[in-house]
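Quick note on labels: first sequence line is chain A, next is B, and so on, each numbered from 1.
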Amino acid sequence: MLGLNSKDQTLFLVVIALTLLAPFVLNPFPEGSELAQFNAGYPDLMQRFVIFGIFAIGFNILFGLTGYLSFGHAAFLGVGSYAGVWMLKLLTMNVVPAIIVSVIFAGLFSAVVGYISLRRSGIYFSILTLAFAQMSFALAYSVLTPITNGETGLQLALDDPRILDVSRMDGSIPATNFFGIEMRDGFDLALGPWVFTFNFGYYLCAIVMLVAFYISLRIFRSPFGMMLRAVKTNQHRLRYTGKNPKPYTLAAFVISGMYAGLAGGLMVAMDPLAGAERMQWTASGEVVLMTILGGAGTLLGPVLGAGVIKYFENIFSKINDNVLYNWFSFLPESAQDVFVFMIHPFIGKGWHLTLGIMFMLVVIFLPGGVVEGGQRLGRLFRRRNSSDSTGGATTPNAHPAE
Amino acid sequence: MDAILLQILNGLDKGSAYALIALGLTLIFGTLGVVNFAHGALFMLGAFCAVTLNKIFQFSYETIDPVRKDFLGNPLKVETPYVYDWFGADAGAAMIEWSVPLSILFAIPVMILIGLTMERGLIKYFYKRPHADQILVTFGLAIVLQEIIKYFYGANPIPTPAPQALTGSADIGAAIGFDAGSIIYPYWRLVYFLFATVIIGGVFAFLRYTTFGMVVRAGMADRETVGLLGINIDKRFTIMFAIAACVAGLAGVMYTPINSPNYHMGMDFLVLSFVVVVVGGMGSLGGAVAAGFLLGVLESFASMGEIVALLPGINQIIIYLVAIIILLTRPRGLMGRKGVMEE
């Protein structure tokens, strides 16, 4: 099906199922229960999962396959979101042109940046991309204020032309829509104590993500993908065989830039606002963290990494001391205090600390990220099973890295 | 003429900070071959050493003054820092006043300890791993250190003033023959510049004139051969890491009066100092120092009113612009050795 082999097909089907059923999967706890705060099934967060998933998938095409560590990818996301908001301002509130224009602009911009940065490799490449991103950030923040609206951020306004839209009579800014279906539309499904929210905006993002995932799957399996891997393994040897790696790396760079632009476009399609801080280097660092955490060079890794980080950012940061006291309420009071005191730095506003520690542990002990962790676990179980059946004589079978 | 001189002077303090951080980064890179993204965090830790010492000196207990009354007639409460009791009122007051310079003494052992722990506990395992892994793990460490500081000291900048005697400004213009008042320059910036010169000179002298430094330089050139001569080069490199951490920390200590320390100052400086290192040339100590001062001065020139009016925004992007141009025309950087990190 779709030109995939059976293993990839299974993977893709699993991803489709997980994405489309996300409102169920992410809402395992009944409404009003103690654990309901761990539910991540609300539209805002689900949209963020898939949008950052797209961003990380794109980043992974560059970093995972080619090995070029870019520290400036947030710039493309930022350019994409500015372009998207401008389309919403000038043309129509329909999100389709906005998203398309975001991708195109990010692609053009990344072609320029990539053409220049890819003259160097290794840490020089990282610094060059970082320098470009910081420059775009500084420019968006100050000089380009007519285009970017400086530190306030670019917003929609009532007097925007919006030439294709009939302006509304009630004097409010119309909502972003997809051929008439508003992004914030959706319905709640109450099943017993559970409430599942189905949001149109999320499903649009989810379908875009599935397409993006499919494209990256095909890229990973294509001769082009093999070429990128060859670049990562040994560029010199590649050059000696008569191949010029530059067009391939540049293509990978532009593709990943377009993915970033797509993420930016979707972001403004869901929430029509673009600010310069989206382009700061810490934002670029975040997507690096996502990709590494999930597993660079694997298909599913970046999406998982994006999910984990966004989950932490939104759910862990909400836990505060009161919640902790609630959890430990079964203990004697002094023990409660001790536990809360010990956990306090890692939750709420301190969730960055947890993230940093987790990230360090992953880099130190699990260079392949969460995906490799899963594989190791899987292998452990498989070995135990087979040793039970064959009486200990096992050969560790090699698994490819996906 | 005096305007140009003023800009050069203005650039020197920031340039000193860049140069000191870049010097440490280059020391670590040149000896251990590790790209240390946590170096900015070390700078920040140094600054917070000064904050800590200042706070320790200001620990005080409350007593009721039997003589004085406030305007309602209630007995007045007085805060007496403990240092007043231990060292006498005058010496105590002087200690609080001079807490930033005194923090140097406090910061040296602390930073050396932190440096040793970091190298032995983490960096040592990353010598053989790719540069990307080193960047990532030290980046994670930087986040952790930053968050720990945020947890203990809060997110707001903590003003830590310089001693009263050094807070004024010098009228350099009058001193060197321009109009009086044309070049007014804060003393502390001069102090910072002199301090940076001393530290940089010290590090260079250490590497140049001591046996230890000679061995380290030999190790930088060819690690294996030095090891084969029966020298424990790893131990010396560990010490070099501690020295680099110390340099970054001291740069942070002395920077506190210029800019109140906050938890993300390390990250702010880190990016710039990496650019500085690359501009100077990976692995070249002289290049790092020269590029640090050069970029600091360039940045202050670019923020001159006339230039900003001509090219708006140039003051914010000048460093990156210079870095891009240098990297593209001279990939080795200003004074880089051939073949360092060029693939």
So what's closer than 4.5 Å to chain B heavy atoms on [X]: side chain, backbone, both or neither?
| X | result |
| --- | --- |
| A:Val363 | both |
| A:Ile292 | side chain |
| A:Ile357 | both |
| A:Val288 | side chain |
| A:Leu361 | neither |

Against chain A, label [X] side chain, backbone, both or neither, depending on which of its atoms sit under 4.5 Å from a heavy atom there.
| X | value |
| --- | --- |
| B:Phe152 | neither |
| B:Leu321 | both |
| B:Leu145 | neither |
| B:Phe126 | side chain |
| B:Ile317 | both |

Return yes when atom NZ of A:Lys243 has more than 12 non-hydrogen atoms of other residues, nucleotides or ligands closer than 6.0 Å, and no otherwise. no

If you tally heavy-atom pairs under 4.5 Å against chain A, which of [options] wins?
| options | value |
| --- | --- |
| B:Val275, B:Val271, B:Asp133 | B:Val271 |
| B:Ile148, B:Leu141, B:Ile319, B:Val277 | B:Leu141 |
| B:Met267, B:Lys150, B:Gln146 | B:Met267 |

Chain B: which of A:Leu355, A:Ile127, A:Leu69 shares the most heavy-atom pairs with it under 4.5 Å? A:Ile127

Top residue by heavy-atom pair count (under 4.5 Å) with chain B, among A:Arg119, A:His352, A:Arg120? A:Arg120

Nearest 0.5 Å, what's the [atom1]-[atom2] distance between [X] and [Y]?
| X | Y | atom1 | atom2 | value |
| --- | --- | --- | --- | --- |
| B:Ile149 | A:Leu353 | CD1 | CG | 11.5 Å |
| B:Ile143 | A:Met360 | CD1 | CE | 10.0 Å |
| A:Ile364 | B:Leu122 | CD1 | CG | 5.0 Å |

Quick one: does A:Met135's side chain get under 4.5 Å of B:Ile324's, heavy atoms only? yes

Below 4.5 Å, heavy atoms only, C-beta onward: do A:Ile123 and B:Val35 meet side chain to side chain? yes

Taking the ring centre of each residue, are A:Phe71 and B:Phe274 less than 6.0 Å apart? no

Let me see the working for B:Tyr320 and A:Leu130 under side chain to side chain contact (heavy atoms under 4.5 Å, CB included), right down to the final yes or no. CA-CA 9 Å; B:Tyr320 302 108; A:Leu130 181 64; 5.7 Å; no

How far apart are the closest heavy atoms of A:Trp281 and B:Leu270, and which atoms are they? CH2-CD2, 4.5 Å

